[in-house]
Protein chains: 2
Amino acid sequence: MARPTLKKQIPNLQEAIKKAAWKHIAKFGAPALSLRAIARELKITAPAIYNYFLDRDALVTALIIDAYTSFGDSQLAAREAVPSQDVIGQMTAIGMAYRQWAHQYPQRYQLIFGTPIPGYQAPLREVLPSAARSLSALVSVIEQLRLSGKLNVKSFPKVQAEYKAGFEMWKKYGGEVDLLSLTVAMLIWARVHGIVSLEIAGNLPPFGASGDDLYLYEMRSLQQQFVKE
Amino acid sequence: MARPTLKKQIPNLQEAIKKAAWKHIAKFGAPALSLRAIARELKITAPAIYNYFLDRDALVTALIIDAYTSFGDSQLAAREAVPSQDVIGQMTAIGMAYRQWAHQYPQRYQLIFGTPIPGYQAPLREVLPSAARSLSALVSVIEQLRLSGKLNVKSFPKVQAEYKAGFEMWKKYGGEVDLLSLTVAMLIWARVHGIVSLEIAGNLPPFGASGDDLYLYEMRSLQQQFVKE
DNA sequence: ATTAATAAATATACAGTGTTTAGTTACAAG
DNA sequence: CTTGTAACTAAACACTGTATATTTATTAAT
């Protein structure tokens, strides 16, 4: 029985593999992800997976893209939930959604922003679309702030010319914005990422009853620094 | 020949193993660290390593402690290089040393602050001494700032009571300071870590000629936010 | 000096991993 | 009814960390 009959075949095996992979990641963590374990779960043999993914890295890449999509959905939904006139409200909503998503899916967060898979390096070309989309919510808000003249960027550093090509590529998936807005958004991202990644890894003491006082403080700091008036 | 004669034995094999491990990490990255590869390099068998380290994780822990020590040395040296009256100068020196060290030893940086070893979780008890020491340079400067009344901590959030035990433990290795100074230092650490970790992973566009304009900007931001006057 | 104990290594083996190759079968198209 | 292809299995390779048993060099005790 080299090939199972259609009746016994798993209908969308590609999706089933990813689903089993997520299940294993949630249970044993991303580093323990194993093709053979997935195969056991689905009652197929490990090499069968190679019909759907070039190798383990390709599977991980697919998982990362899914995670980015989930993350981007959460970011865009947060922005949409606040009326577009209230730019500052959108900014905080996006920031809160960031941390909320990270706490809800710590494994997905680490899969995207950490380096939990041995030897794996995400191929930028494949990941960029979903990654740019996920950042686009924040970037668009900063852009709105800039267009309304409320963005305080006194002496904000400029990116080097060599990055221009990367920026053009970003715009393709992240939307038409000024380079300044993108770079400010990236700094904000870096700040938020700094706190959340340490928090997820358990390297920050708990602030406040629910632990988010420090985060709120940092969001206020961002507001005071980058929003005029 | 189960046991080599003293002449053929490697003199401090424990150190030699760590040295070979670092060599491999520098060459192939931390995730590719392999006991068997180390053994091959030293021309011994893999199980021989178990005479010096309980298991692979114990070796990694030893490496992390070494990395923390190297990092701490750099931090403390940076503080010492600036006269103790110039607290703000010490603060920036420490900040610059942080990034400099991270760029000089990206693998060590990722070994400490990332999670590049599959399934490995650093045992806090063993790592804390060197970790606390490495942070103590920054913490001590913040403490000086606080004692001289120049620390601006208007509405800075407080840590939860449950952390008090961890704080007591920290003081044992990181020096006698106020809890506030420690937590402010941790926020500063989070900010700096946010930028540097993204930078090391290649996820930030290059700012300025040598790429450190954004970092300088962020250090100025910290100063403006936390230093009075 | 002889013997016993210990320490430090090797040899071997086990269970696991990703991946390659060759073979087999179910199904679809001609 | 045949042929071709897609989708799988089986078996094997080269790795990995680790456990166990064994061997030997050195040290300590008698």
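Computed from a predicted model, the values in this text were never measured in an experiment. Residue numbering restarts at 1 for every chain, and letters A, B, ... go by the order of the sequence lines.
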> Atom CG of B:Leu54 to atom C1' of D:dG17: distance rounded to whole Å?
Replying inline: 13 Å
Sequence neighbours excluded and cut-off under 3.5 Å, please list the side-chain donor-acceptor pairs for residues 91-100 of chain A, or say none.
{"residue": "A:Thr92", "atom": "OG1", "partner": "A:Ile88", "partner atom": "O", "Å": "3.1"}
{"residue": "A:Thr92", "atom": "OG1", "partner": "A:Gly89", "partner atom": "O", "Å": "2.9"}
{"residue": "A:Tyr98", "atom": "OH", "partner": "A:Tyr109", "partner atom": "OH", "Å": "2.9"}
{"residue": "A:Arg99", "atom": "NE", "partner": "A:Glu199", "partner atom": "OE1", "Å": "3.1"}
{"residue": "A:Arg99", "atom": "NE", "partner": "A:Glu199", "partner atom": "OE2", "Å": "3.2"}
{"residue": "A:Arg99", "atom": "NH2", "partner": "A:Glu199", "partner atom": "OE2", "Å": "2.5"}
{"residue": "A:Arg99", "atom": "NH2", "partner": "A:Gly211", "partner atom": "O", "Å": "3.0"}
{"residue": "A:Gln100", "atom": "NE2", "partner": "A:Gln104", "partner atom": "OE1", "Å": "3.3"}

>> Please determine whether a side-chain nitrogen or oxygen atom of A:Tyr50 lies at a distance below 4.0 Å from atom OP1 or OP2 of C:dT19.
In response: yes
>> Using the side chain to side chain contact (heavy atoms under 4.5 Å, CB included) criterion, which residues pair with A:Gln121? Sequence neighbours excluded.
In response: none
>> Near DNA chain D, counting only heavy atoms under 4.0 Å, which residues of residues 14-24 of chain A show up?
In response: none
>> For A:Trp101, give me all partners under ring pair (Phe, Tyr, Trp, His ring centres under 6.0 Å), at least two apart in sequence or on another chain.
In response: A:Phe71, A:Tyr105
> Can you check side-chain contact (heavy atoms from CB on, under 4.5 Å) on A:Leu13 and A:Asn51, steps first, answer last?
Replying inline: CA-CA 10 Å; A:Leu13 191 46; A:Asn51 286 315; over 6 Å; no
>> Measuring from the side chain of A:Pro47 (C-beta onward, heavy atoms only), which nucleotide among D:dC8, D:dA11, C:dA11 has the closest atom?
In response: D:dA11
> For the pair made of CD1 in A:Ile49 and C1' in C:dT19, what is the distance, rounded to whole Å?
Replying inline: 12 Å
>> Just to be sure I understand the geometry, which residues of residues 33-44 of chain A put a non-hydrogen atom under 4.0 Å away from DNA chain C?
In response: A:Leu33, A:Ser34, A:Leu35, A:Arg36, A:Arg40
> Applying ring pair (Phe, Tyr, Trp, His ring centres under 6.0 Å), which residue pairs with at least one partner in residues 166-186 of chain B are found, sequence neighbours left out?
Replying inline: none
> So which nucleotide from C:dT20, D:dA7, D:dT18 ends up closest to the side chain of A:Tyr52?
Replying inline: D:dA7
>> Tell me every residue that passes ring pair (Phe, Tyr, Trp, His ring centres under 6.0 Å) with A:Phe28, counting only those two or more places apart in sequence or in another chain.
In response: A:His24
> Can you check the A:Asp57 CG to C:dT17 C1' distance for me, whole Å?
Replying inline: 14 Å
>> Distance check needed: D:dT23 P versus B:Asn51 CG, whole Å only.
In response: 18 Å
>> Can you give me the closest heavy-atom contact between A:Asp178 and A:Glu143, atom names plus distance?
In response: N-OE1, 3.3 Å
> What residue pairs, at least two apart or across chains, pass salt bridge (charged side-chain N to carboxylate O under 4.0 Å, His left out) with a residue in residues 121-132 of chain B?
Replying inline: none
> Which whole-number value in Å describes the distance from B:Phe53 CZ to C:dA9 C1'?
Replying inline: 16 Å
> Over how many whole Å does the gap from B:Arg56 atom CZ to D:dC15 atom C1' extend?
Replying inline: 14 Å
>> Going by salt bridge (charged side-chain N to carboxylate O under 4.0 Å, His left out), name the pairs with one or both residues in residues 64-77 of chain B, residues two or more places apart or in two chains.
In response: B:Lys18-B:Asp66, B:Asp73-B:Arg133
